There are 2 protein chains.
Amino acid sequence: MRYLIEMGSGMVMGDWELVIIGAGAAGLTAGLYGARSGLKTLIVEEKMAGGTTADAPVIENYPGFISINGQELVKKMVEQCERFGAEIRQLEKVEKLELDGGKKVVTNRGVYEASAVIIATGTHHRKLGVPGEEKFSGRGVSYCVVCDAPFFKDKRVLVVGGGNSAAITALYLSEIASTVKLAHRRGQLRAEEALTRELEKKENVEILWNTEVKEIRGDTLVKEAVLYNNKTDETWNLEVDGIFIQVGEAPNSEFAEKAGIRVDEAGYIVVDTRQRTNKEGVYAAGDVTNRPVKQIGTAVGEGIIAATDAYGYIRRPYYYKK
Amino acid sequence: MRYLIEMGSGMVMGDWELVIIGAGAAGLTAGLYGARSGLKTLIVEEKMAGGTTADAPVIENYPGFISINGQELVKKMVEQCERFGAEIRQLEKVEKLELDGGKKVVTNRGVYEASAVIIATGTHHRKLGVPGEEKFSGRGVSYCVVCDAPFFKDKRVLVVGGGNSAAITALYLSEIASTVKLAHRRGQLRAEEALTRELEKKENVEILWNTEVKEIRGDTLVKEAVLYNNKTDETWNLEVDGIFIQVGEAPNSEFAEKAGIRVDEAGYIVVDTRQRTNKEGVYAAGDVTNRPVKQIGTAVGEGIIAATDAYGYIRRPYYYKK
């Protein structure tokens with residue numbers, strides 16, 4: 001039953017059935033399911049395995065773990081995935097996907113031919129790019145309110161941004177934190193009016209208009225933000241326990257788009273209920289997709305569906321439903 | 001922000017925002033996310049918490065746990081769910097759902113009014129109903145090939161059934177087990193022809209036509225099946241290590257269908273990508289839905305999506321996208 005690949009140049013490395021791009025929660029789960037079903041499975045990861053899961057200092061909302069460190073969860077997922085025979089190649093960057101006449105995944109080290117490909121490359125946070133932001137990431141600076149809000153119960157938080165996700169973050173925090181400031185560099189939010197109206201109704205939320213964050217300071221944890229009002233030209237310090245930065249996410253989908261894979265207006269890969277893209281035998285799972293909820297648990301679910309469908313596509317061609 | 005319910009008769013019990021029916025992996029996950037987002041959340045479960053997850057003696061494919069007993073995983077999920085304030089009421093049977101003018105969940109103990117409802121009632125296996133089947137369930141008798149096939153590497157297995165899922169189970173096992181017998185009570189499979197053809201090509205698969213299982217025997221584990229050929233009237237014993245019963249699953253959706261919730265031809269609740277049913281504010285997640293893959297990890301993903309959307313529906317009515 002092993003799929004026979006057409007060997008090309010000497011650069012072709014191995015006869016893989018399933019090549020997964022990205023080793024975050026979605027990719028590692030797809031790898032586990034792919035390998036466990038008997039597919040010869042490779043995962044290629046640009047950085048170290050883990051994706052955004054590895055960045056979370058404490059995870060309380062992945063079912064089964066009351067509290068676990070992101071790195072620790074990733075370690076378990078990697079071990080589980082490898083135990084069933086998936087191979088994970090880290091620090092190898094995918095540069096190109098070729099989908100004309102077969103499927104080739106071109107990396108900085110070689111070319112892999114595959115019967116099916118799962119793209120699980122996630123997103124990157126848009127950063128503010130101010131001093132202290134990186135140092136205090138996971139120590140008061142967060143990019144995910146659903147993940148981290150409970151750590152700021154009855155504390156003072158600052159949300160940075162002016163779009164829907166910043167507004168939703170501030171609303172979410174208003175029911176958990178003691179006070180919420182929302183710093184936006186303009187005099188009006190980009191968020192929908194209904195959200196803005198809701199924000200204005202909240203007694204513990206204050207919007208800081210025309211306000212930019214210039215620096216984040218603290219000791220082991222965040223203590224204050226240095227703010228600048230670009231209308232009055234004033235600089236001042238705000239004491240806070242947490243800073244939620246919501247200035248946008250961007251999907252890591254550029255190479256996919258270049259290969260003709262359909263993305264939405266924000267660059268997220270468009271998938272159907274079986275995680276299929278518009279290209280036959282090419283799937284996407286996790287944060288890189290246009291699915292509305294982006295959590296570890298949903299990435300896991302999507303990785304399972306993608307790998308399961310890929311198995312049918314590769315091994316059960318007669319049975320596979322188009 | 002608390003939703004005010006209209007108090008009816010003295011039977012109305014509590015002012016819940018989110019009522020989840022079923023405490024398997026999907027329901028417990030929805031409970032965790034619902035409670036964690038601040039919704040007043042109740043889970044009603046007919047039996048004990050756990051659903052089919054609790055039935056699995058060993059789980060190796062839920063990401064994060066290299067190997068865990070089903071009961072143990074459920075215990076963790078329950079603890080996590082309750083920690084954030086979800087209330088779980090076990091041994092309470094939902095008898096009716098009333099969706100005209102509000103949402104009422106009627107159980108054998110009372111009536112709960114809710115702003116949103118998530119149905120996560122799972123499925124039940126159709127059983128063979130033969131002696132030994134229950135005794136050896138999880139001790140050689142399995143109803144899920146994806147879950148349990150790896151335990152039968154290089155062993156002798158028997159698959160019971162004649163439809164697509166029995167055929168797929170046999171094909172799946174043919175690449176793992178040493179020998180696979182497929183017992184079907186008729187002289188022809190119900191499975192698609194392509195699958196049947198594939199099965200016939202497998203050297204280690206043998207189809208036992210007109211064959212019924214009459215009894216399952218063993219000591220601590222399965223040792224043999226008593227088979228009966230309904231054409232020749234012969235009875236004989238087959239030595240096996242595992243028996244996969246694939247005579248069908250049925251969704252626990254009868255009460256939902258009676259409430260006007262759309263189900264597919266097999267009775268599974270039809271959901272969209274946000275786990276919404278055809279009734280506003282009513283969701284379904286996990287095995288009871290018409291989603292194609294039924295695993296713990298996909299139930300978790302669906303539970304998260306349902307609870308997240310329910311949160312938007314209840315607390316962000318202006319923002320919520322119909």
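Below, chains carry the letters A, B, ... as their sequence lines are ordered, and counting in each starts from 1. On a predicted model such as this, the values are computed, not experimentally measured, just so you know.
- Contacts of A/Ile305 with chain B are made by both backbone and side-chain atoms, with heavy-atom separations under 4.5 Å.
- Side chains of B/Tyr320 and B/Asp309: a donor on one and an acceptor on the other come within 3.5 Å.
- A donor-acceptor pair under 3.5 Å is formed between the side chain of A/Asn204 and the backbone N or O of A/Ser178.
- For chain B, the nearby parts of A/Tyr62 are the backbone and the side chain; heavy atoms of each come within less than 4.5 Å.
- Remark: side-chain polar atoms of B/Thr41 are paired, donor with acceptor, to backbone N or O of B/Leu39 under 3.5 angstrom.
- No part of B/Val145 comes within reach of chain A, as not one of its non-hydrogen atoms sits under 4.5 angstrom from that chain.
- Contacts between A/Pro292 and chain B at a heavy-atom distance below 4.5 Å involve the side chain alone, from C-beta outward.
- Looking at A/Ser37, the atoms closer than 4.5 Å to chain B (heavy atoms on both sides) sit in the backbone and in the side chain alike.
- For A/Phe65 and B/Phe65, the distance between ring centers is under 6.0 angstrom.
- The part of A/Leu195 that comes within reach of chain B is its side chain, from C-beta onward, which places non-hydrogen atoms under 4.5 angstrom from that chain.
- A salt bridge does not link B/Asp287 with B/Lys294: every distance from a Lys NZ or Arg NE/NH1/NH2 to an Asp or Glu carboxylate oxygen is 4.0 Å or more.
- Looking only at heavy-atom pairs under 4.5 Å with chain A, the residue among B/Leu32, B/Ile296, B/Asn61 that has the most is B/Asn61.
- When heavy atoms are compared at a cutoff of 4.5 Å, B/Tyr172 approaches chain A by way of both its backbone and its side chain.
- A donor-acceptor contact closer than 3.5 angstrom links the side chains of A/Gln295 and B/Tyr33.
- For chain B, the nearby parts of A/Leu171 are the backbone and the side chain; heavy atoms of each come within less than 4.5 Å.
- Counted within 6.0 Å of CD on B/Gln188, heavy atoms from surrounding residues, nucleotides or ligands total 12 or fewer; the atom is thus considered open.
- Between A/Tyr313 and A/Tyr283, the ring-plane angle classifies as perpendicular under the 30° and 60° cut-offs.
- When the candidates B/Ile68, B/Leu28, B/Asn164 are compared by the number of heavy-atom contacts under 4.5 Å with chain A, B/Asn164 comes out ahead.
- Of the possible polar contacts, none joining the B/Glu17 side chain to the B/Ser115 backbone as a donor-acceptor pair under 3.5 Å is found.
- In terms of heavy-atom pairs under 4.5 angstrom with chain B, the leader among A/Lys75, A/Arg197, A/Met77 is A/Met77.
- Residue A/Arg83 touches chain B through its side chain alone, counting heavy-atom pairs closer than 4.5 Å.
- Residue contact with chain A, scored on non-hydrogen atoms closer than 4.5 Å, is absent for B/Asp272.
- With a 4.5 Å cut-off on non-hydrogen atoms, A/Glu60 touches chain B through its backbone and its side chain both.
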